[in-house]
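The shown structure was predicted, so the numbers you read here are calculated from the model rather than taken from an experiment. Every chain is numbered from 1 and lettered A, B, ... according to where its sequence line falls, protein lines coming before strand lines.
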Number of protein chains: 2
Amino acid sequence: MVTLKDLARITGYSVTTVSRALNGYDDVNKETRDIILAAAEKLEYTPNINAQSLVTKRSKTIGFLVSDLKRESAKDNFTFEVLCGISEFVTEAGYEMILLSTSSSKQKNKTFRQIVSERNLEGIIIQGLKKEDPYLQEAIKGSVPTVLVDIPIENETTGYVTSNQHDSVKKAIKYLARLGHRNIAYMNGHKHAYVSEIRYQSYKEGLSEAGLEVDENLVCYGDYEEEKAYRASLDFLLSNPEVTAFFCASDIMALGVLKAAKELKLDVPKDLSIIGFDNILLTQYTSPTLSTIGQKPFELGKRGTELLLEIIQNSSTQRHIIIQNELILRESTAQPGG
Amino acid sequence: MVTLKDLARITGYSVTTVSRALNGYDDVNKETRDIILAAAEKLEYTPNINAQSLVTKRSKTIGFLVSDLKRESAKDNFTFEVLCGISEFVTEAGYEMILLSTSSSKQKNKTFRQIVSERNLEGIIIQGLKKEDPYLQEAIKGSVPTVLVDIPIENETTGYVTSNQHDSVKKAIKYLARLGHRNIAYMNGHKHAYVSEIRYQSYKEGLSEAGLEVDENLVCYGDYEEEKAYRASLDFLLSNPEVTAFFCASDIMALGVLKAAKELKLDVPKDLSIIGFDNILLTQYTSPTLSTIGQKPFELGKRGTELLLEIIQNSSTQRHIIIQNELILRESTAQPGG
DNA sequence: CTGTTAGCGCGTTCAT
DNA sequence: ATGAACGCGCTAACAG
């Protein structure tokens with residue numbers, strides 16, 4: 001490892017001068033700078049960011065905090081796409097990202113503030129934490145620059161990125177209504193997620209705006225899991241034969257509904273239309289292919305990082321960014337009866 | 001941020017004593033220790049790892065180096081699963097992981113060694129780099145503890161994790177032969193990946209051991225992309241109607257072959273059997289569902305991290321770990337002709 | 001323009 | 001059993 005001291009020794013200048021030459025200060029002789037730069041290049045000098053951050057308080061590092069990354073999470077390429085988006089922008093900006101996975105056991109030992117100060121993190125992006133998660137609460141109250149994915153809360157040091165879920169869900173519901181569907185069911189996820197609430201509200205508003213009545217009995221809960229959605233919809237479809245369309249808060253649950261429909265010999269879309277949410281890769285390969293609301297998680301990650309760095313540098317004019325979703329129509333939607 | 005100095009001021013002891021009490025040295029009075037520990041707990045003290053690493057040279061941080069994480073990589077849940085595995089073990093061991101994504105532009109400015117020393121990384125896990133990647137070469141030659149995923153190279157400071165690709169590919173080929181297939185084609189990926197070579201070799205050996213001749217003309221190249229595999233196999237199947245089975249070096253390419261078969265009105269598996277590699281989620285949802293060789297990327301990540309930490313601590317007895325794959329038979333394989 | 005001094009937060013001699 | 005002094009690699013205040 002080559003240090004400033006090494007460069008100082010070799011070039012004959014003091015550590016201070018070397019530091020200033022390298023950091024582009026203009027109070028250093030041009031020739032001196034050239035000599036130092038040449039030496040740095042030759043020896044492949046890179047500043048030790050840890051040492052730098054100790055004095056400047058700027059670690060050039062942000063954290064990406066996600067809920068417990070277990071084996072099962074691997075299916076969730078939403079998180080991964082967000083991650084890729086973060087990675088791309090963070091690199092461009094000369095920062096690096098550290099992956100933080102919460103686990104309940106860990107939370108007992110370390111507070112959010114500790115995790116941040118341990119490594120001088122300049123900011124944090126949070127995704128997938130449940131509403132009541134203590135880390136989330138701490139992040140919102142604290143003064144560490146934070147960007148939330150899909151959790152619409154903002155304050156002095158907190159911003160968020162999300163998609164126009166409200167509009168896009170309403171659009172999907174109204175689309176179904178326009179096709180002629182009158183009994184449109186909703187498969188919701190668990191109540192720990194902010195998005196469940198938003199999507200549910202939007203579903204109800206969509207119905208209203210389409211002139212349809214809201215019937216609380218047409219709501220199922222699938223916990224964002226295929227298996228649970230499958231079982232829930234199996235029962236549900238049996239006892240509610242009047243339902244001709246299902247809007248699901250996630251594609252994974254839509255797969256469960258699709259499976260249940262097949263089990264019940266219901267033809268999709270002839271007997272039952274299905275719309276999911278996320279546009280996961282699978283939706284293009286099921287049979288029938290699945291209509292869905294497409295999110296752009298990569299963009300969420302990228303723009304979220306952008307926002308975070310703005311908050312860190314105090315150069316942000318706004319505290320939230322909305323990415324546009326798109327309604328993607330495939331084979332799983334049609335007029336009732338075909 | 002609460003520091004050792006703060007604790008010293010509050011408890012009335014010196015910084016040195018506080019440091020030793022917290023680090024479990026036994027040359028400190030029990031009462032003193034209790035007082036200090038209580039204060040630390042109360043103030044939620046956490047050591048600043050950056051400062052620690054400056055003096056101990058142990059940053060408690062490893063890097064996960066992957067090839068350019070672009071928007072398209074998001075489909076690749078192999079990488080994500082490896083990531084999840086790393087995350088799980090790294091956390092258990094009190095380490096943290098930093099995500100490093102290479103890009104050719106970045107490589108011009110920074111050498112591998114620089115990336116490591118910049119943040120005092122204790123070790124690196126490398127996945128998905130091409131054979132000729134300069135970072136990979138540097139990693140192997142250098143003295144930074146390194147674990148390679150699916151690249152069988154080992155030396156004093158380099159180890160690897162991989163799966164028993166050799167055996168599992170041969171097993172798949174011999175299975176097809178036992179079903180009665182005589183003309184088994186191979187869809188290879190690009191030549192930049194080590195695994196392409198290994199799988200190709202194993203394919204040939206599998207044929208030989210099954211008493212079948214190796215015909216170089218039965219090899220296609222799909223670059224690990226669905227679209228390319230689709231186009232390559234479309235041509236190929238037209239001009240090689242005797243082929244009744246296709247072994248593919250990845251599921252993604254198997255999807256391309258499946259698409260081509262449908263395009264050509266070939267029934268899978270009656271007219272054409274297909275086996276893929278990876279066991280991606282999609283393989284369970286295609287129609288027909290896809291037989292494949294299942295890897296355990298989560299395990300690769302987890303065990304790889306385990307190995308890396310052993311190399312770092314110099315406690316490793318071996319330098320490589322092999323995870324067992326499994327041949328998963330679904331609907332895309334049958335006897336020729338049905 | 002350049003060097004000296006100081007200190008970020010921490011662990012580690014070496015005294016006492 | 002405890003503390004003073006030093007240094008990790010770096011930037012910043014001040015002097016000259």
Taking OP1 and OP2 of [N], is either one under 4.0 Å from a side-chain nitrogen or oxygen of [X]?
| X | N | value |
| --- | --- | --- |
| Y25(B) | dT12(C) | yes |
| K57(A) | dG9(C) | yes |
| K5(B) | dC8(C) | yes |

Open item on the list: Expressed as a whole number of angstroms, how long is the span from N120(A):CG to dC8(C):C1'?
Closed with: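 About 10 Å, once rounded to whole Å.
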Open item on the list: Mind checking if D27(B) touches a base, just sugar-phosphate, or nothing, with heavy atoms under 4.0 Å?
Closed with: base
- [ ] Have a look at V28(B) and say if it touches a base, only the backbone sugar-phosphate, or nothing, with a 4.0 Å heavy-atom cut-off.
- [x]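 Contact class for V28(B): sugar-phosphate only.
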Task: Contacts of D34(A) that satisfy side chain to side chain contact (heavy atoms under 4.5 Å, CB included) - sequence neighbours left out - done: K30(A)
Task: Where chain B begins and ends its contact with DNA chain D, read 5' to 3' at 4.0 Å from heavy atoms - done: dA1(D) to dG9(D)
TODO: Just grab all the salt bridge (Lys or Arg N to Asp or Glu O under 4.0 Å) pairs involving residues 2-16 of chain B, residues at least two apart or on different chains.
DONE: D6(B)-R9(B)
TODO: Take the C1' atoms of the five end pairs on each side of the helix from dC1(C)-dG16(D) to dT16(C)-dA1(D), derive the two axes, and give their angle rounded to 10 degrees.
DONE: 50°
- [ ] Could you identify which residues of residues 8-20 of chain A place a heavy atom less than 4.0 Å from some atom of DNA chain D, listed by residue number, or say none?
- [x] V15(A), T16(A), S19(A), R20(A)
TODO: Go through residues 39-54 of chain B and report each residue with a non-hydrogen atom lying under 4.0 Å from DNA chain D, sorted by number.
DONE: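 DNA chain D contact set from residues 39-54 of chain B: L54(B).
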TODO: Answer yes or no: are there more than 12 heavy-atom neighbours, outside R319(B) itself, under 6.0 Å from its atom CZ?
DONE: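 Correct, the count exceeds 12.
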TODO: Could you tell me whether E299(A) and K302(A) make a salt bridge, using a distance below 4.0 angstrom between a side-chain N and a carboxylate O?
DONE: no
